[in-house]
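For reference, the structure is listed below as structure tokens.
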Amino acid sequence: MKIKKISAPTMAEAMQIVKQEMGEDAVILNSKTVESGGVFGLFKRKLVEVIAALDEPKVKEGSIHTDHIEKQALNELSTYWRDSDAPKVDDVKRSRMVQTAKPIISEPKKEQWITKKELSDQLMNQELDEPLIEKILKNYEHVSIENKEDVYDLLSFNLKNIFRDIDFGGISFTKKFVNVLGPTGVGKTTTLAKLAAKCVLDEEKKVAFITTDTYRIAAIEQLKTYAQILSVPLEVCYNAQDFIAAKNKFSDYDVVFIDSAGRNFLDQENVLNLTKIINYDDDVEVFLVFALTGKYLDMKKIYKQFSKLPIYRFIFTKIDETHSYGAMFNLMDEFKVGTAYITNGQNVPDDFVDADLFYLINLFIEGCKYERSS
């Protein structure tokens with residue numbers, strides 16, 4: 001077991017050093033504010049002191065060395081806490097370092113700037129579900145929270161760790177066809193136009209449109225307008241034969257965007273109807289669009305209805321109409337699907353943001369700040 005004490009001007013910087021020096025699997029056992037330097041008691045500066053730990057490679061069960069390693073770990077921890085005067089933990093299991101360790105020196109209660117219950121309630125107001133909140137606030141008792149900035153640093157650090165294995169990013173350009181799916185009213189057609197504009201203007205790709213949304217004349221006319229503005233061709237497909245013909249027609253194009261009808265996708269039959277025209281086993285990259293003004297439970301059910309399709313990334317729209325972003329993180333956490341884009345208005349090709357984890361976390365932190373101030 002590797003245990004290390006790190007000092008830095010802020011919690012964010014300390015956590016970054018932990019990540020760089022000890023890796024993604026390191027855990028924070030304790031943090032506190034200390035004073036450093038100075039002459040004759042003057043000009044001292046405050047630092048954040050963090051105690052971090054990292055497991056050694058695991059030993060197989062039944063090994064004769066297992067007990068020795070556990071005892072050594074407990075001795076190291078006890079010595080380190082005694083020497084560093086750091087608050088003690090109730091159970092080493094909470095740090096994920098020694099899975100079979102017994103409770104050791106009890107931890108004195110320490111006063112936090114905000115209690116775990118109060119912070120949990122604020123995260124619930126952001127519409128995060130309980131399992132994700134528990135992961136975000138894991139080891140909360142062992143980190144000193146002295147002000148709101150400490151709260152935001154902790155949230156940011158833990159969210160980065162939770163979502164570090166999920167891929168983000170937009171169109172991969174490894175597949176010719178890009179299909180945008182989603183329920184009614186989420187802004188799929190406008191989003192499709194923004195994607196196409198990005199490909200034409202920024203990527204200099206040869207682009208075409210296919211629409212299978214023959215349920216609404218207005219949707220076809222809207223896409224026709226975008227096609228004219230971008231000077232790209234459009235084919236309307238009423239059945240599978242039309243779709244095959246359109247694919248053949250656009251065989252020499254770089255990217256072909258497919259617009260599908262927005263339906264009530266809580267009805268599985270509407271999902272099946274999509275597959276009657278589009279062959280999703282083919283060269284198709286699928287983006288599932290949700291409006292952040294929608295209900296998380298509905299989004300969750302809709303995703304499950306689409307679960308047989310190869311969903312590549314999420315796109316979230318109407319971010320300018322809400323300050324609650326929890327549903328986005330819930331979906332990514334539960335289904336391990338990343339986010340490609342965020343839209344924040346109706347303007348084409350503007351009001352469109354490439355999403356990455358840092359952007360989404362900063363967005364979430366801003367939502368928490370807004371929630372707290374309102």
Side-chain angles (χ1 to χ4, degrees), residues 119-137 151-152 154-171 180-188 190-192 194-195 262 265-266 285-307 309-346 351-372 374:
L119 185 52
S120 178
D121 289 344
Q122 287 189 21
L123 296 179
M124 282 187 177
N125 289 338
Q126 275 287 312
E127 300 183 4
L128 288 176
D129 61 8
E130 290 188 18
L132 183 52
I133 290 174
E134 282 300 312
K135 285 192 274 189
I136 291 173
L137 298 185
V151 173
Y152 302 141
L154 177 67
L155 295 180
S156 178
F157 182 81
N158 286 345
L159 283 168
K160 287 172 187 173
N161 279 333
I162 291 168
F163 292 100
R164 69 189 182 207
D165 295 326
I166 293 179
D167 294 325
F168 294 80
I171 298 171
V180 176
L181 299 175
T184 57
V186 298
K188 289 186 307 304
T190 303
T191 299
L192 193 79
K194 292 176 181 179
L195 284 170
F265 289 118
L266 292 174
E285 198 158 81
V286 182
F287 293 86
L288 185 55
V289 183
F290 290 113
L292 279 172
T293 52
K295 296 179 180 178
Y296 168 59
L297 290 179
D298 290 338
M299 297 181 196
K300 183 176 177 179
K301 290 176 183 176
I302 289 169
Y303 177 85
K304 289 181 177 179
Q305 295 286 61
F306 281 107
S307 60
L309 301 184
I311 304 300
Y312 176 64
R313 296 279 194 275
F314 293 130
I315 298 175
F316 291 97
T317 64
K318 303 188 179 183
I319 198 172
D320 52 315
E321 299 180 25
T322 183
H323 289 283
S324 295
Y325 312 118
M328 174 169 57
F329 286 89
N330 292 338
L331 287 169
M332 292 191 299
D333 181 51
E334 182 163 357
F335 301 114
K336 309 307 177 189
V337 175
T339 297
Y341 304 104
I342 298 289
T343 75
N344 54 1
Q346 295 295 313
D351 301 338
F352 189 71
V353 180
D354 291 3
D356 60 35
L357 183 56
F358 291 97
Y359 173 82
L360 297 182
I361 289 175
N362 288 336
L363 190 69
F364 179 78
I365 298 297
E366 289 303 314
C368 291
K369 291 179 180 179
Y370 177 86
E371 183 70 37
R372 185 168 179 83
S374 60

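Counting begins at 1 with the first residue of the sequence.
Here the side chains of Ile361 and Leu155 are not in contact, with every heavy-atom distance at 4.5 Å or above. Proximity of Lys135 to Asn158: side-chain heavy atoms (C-beta onward) are nowhere separated by under 4.5 Å. In this structure, Ile171 and Leu195 have side chains that are in contact, with non-hydrogen atoms separated by less than 4.5 Å. The side-chain heavy atoms of Thr343 and Asp351, taken from C-beta on, include no pair separated by under 4.5 Å. For the pair Glu130 and Met124, the minimum side-chain heavy-atom distance is below 4.5 Å. Looking at heavy atoms from C-beta onward, Leu181 lies out of side-chain contact with Phe287 at the 4.5 angstrom threshold. Side-chain contact between Ser324 and Leu292 is absent, with no heavy-atom pair separated by less than 4.5 Å.
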Task: Worked verdict on Phe329 versus Phe163 for ring-ring contact (aromatic ring centres under 6.0 Å, His included) - done: CA-CA 9 Å; Phe329 286 89; Phe163 292 100; 5.6 Å; yes
TODO: Just do the side-chain contact (heavy atoms from CB on, under 4.5 Å) check on Tyr152 and Asn362 with the steps written out, would you?
DONE: CA-CA 9 Å; Tyr152 302 141; Asn362 288 336; over 6 Å; no
TODO: Apply side-chain contact (heavy atoms from CB on, under 4.5 Å) to Met328 and Ile319, showing your working.
DONE: CA-CA 11 Å; Met328 174 169 57; Ile319 198 172; 5.5 Å; no
Task: From CA spacing to verdict: side-chain contact (heavy atoms from CB on, under 4.5 Å), Tyr359, Ile342 - done: CA-CA 10 Å; Tyr359 173 82; Ile342 298 289; 4.0 Å; yes
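Nearest heavy-atom pair across Ala340 and Gly169 is CB-O, 3.2 Å. The heavy-atom pair separating Leu128 from Asn330 by the smallest distance is CA-OD1, 3.5 Å.
For Met299, the side chain to side chain contact (heavy atoms under 4.5 Å, CB included) criterion is met by Phe290, Ala327, Leu331, not counting sequence neighbours. Evaluation of the salt bridge (charged side-chain N to carboxylate O under 4.0 Å, His left out) rule for Lys336 yields Asp333 as partners, not counting sequence neighbours. Every salt bridge (charged side-chain N to carboxylate O under 4.0 Å, His left out) that Asp354 has, sequence neighbours left out, goes to Lys198. Residues passing the salt bridge (charged side-chain N to carboxylate O under 4.0 Å, His left out) test with Glu334, sequence neighbours excluded: Lys300. Asp121 meets the salt bridge (charged side-chain N to carboxylate O under 4.0 Å, His left out) test with Lys117; sequence neighbours excluded.
Summarising the geometry, atom OH belonging to Tyr303 is positioned 11.5 Å from atom OH belonging to Tyr296; distances are rounded to the nearest 0.5 Å. The line from CG of Leu360 to NZ of Lys160 is 12.5 Å long, rounded to the nearest 0.5 Å. Taking CZ of Phe314 as the start and OG1 of Thr339 as the end, the distance is 7.0 Å to the nearest 0.5 Å. We find the CG-CD distance between Asp129 and Glu134 to be 10.5 Å, quoted to the nearest 0.5 Å. Here the straight-line distance linking atom CG of Leu363 with atom CG of Asn344 works out to 9.5 Å at 0.5 Å rounding. Here the CD1 atom belonging to Ile136 is positioned 4.5 Å from the CG atom belonging to Leu159, to the nearest 0.5 angstrom.
Remark: side-chain polar atoms of Thr191 are paired, donor with acceptor, to backbone N or O of Gly187 under 3.5 angstrom. Of the possible polar contacts, none joining the Tyr312 side chain to the Val337 backbone as a donor-acceptor pair under 3.5 Å is found. Gln122 places no side-chain N or O within 3.5 Å of a backbone atom of Cys368 that could act as its donor or acceptor partner. Looking at Thr317, its side chain does come within 3.5 Å of a backbone N or O of Val186 through a donor-acceptor pair.
Within the 6.0 Å centre-distance limit, the rings of Phe352 and Tyr341 are counted as a close aromatic pair.
Annotation: salt bridge (Lys or Arg N to Asp or Glu O under 4.0 Å) contacts involving residues 309-321, sequence neighbours excluded, are absent.
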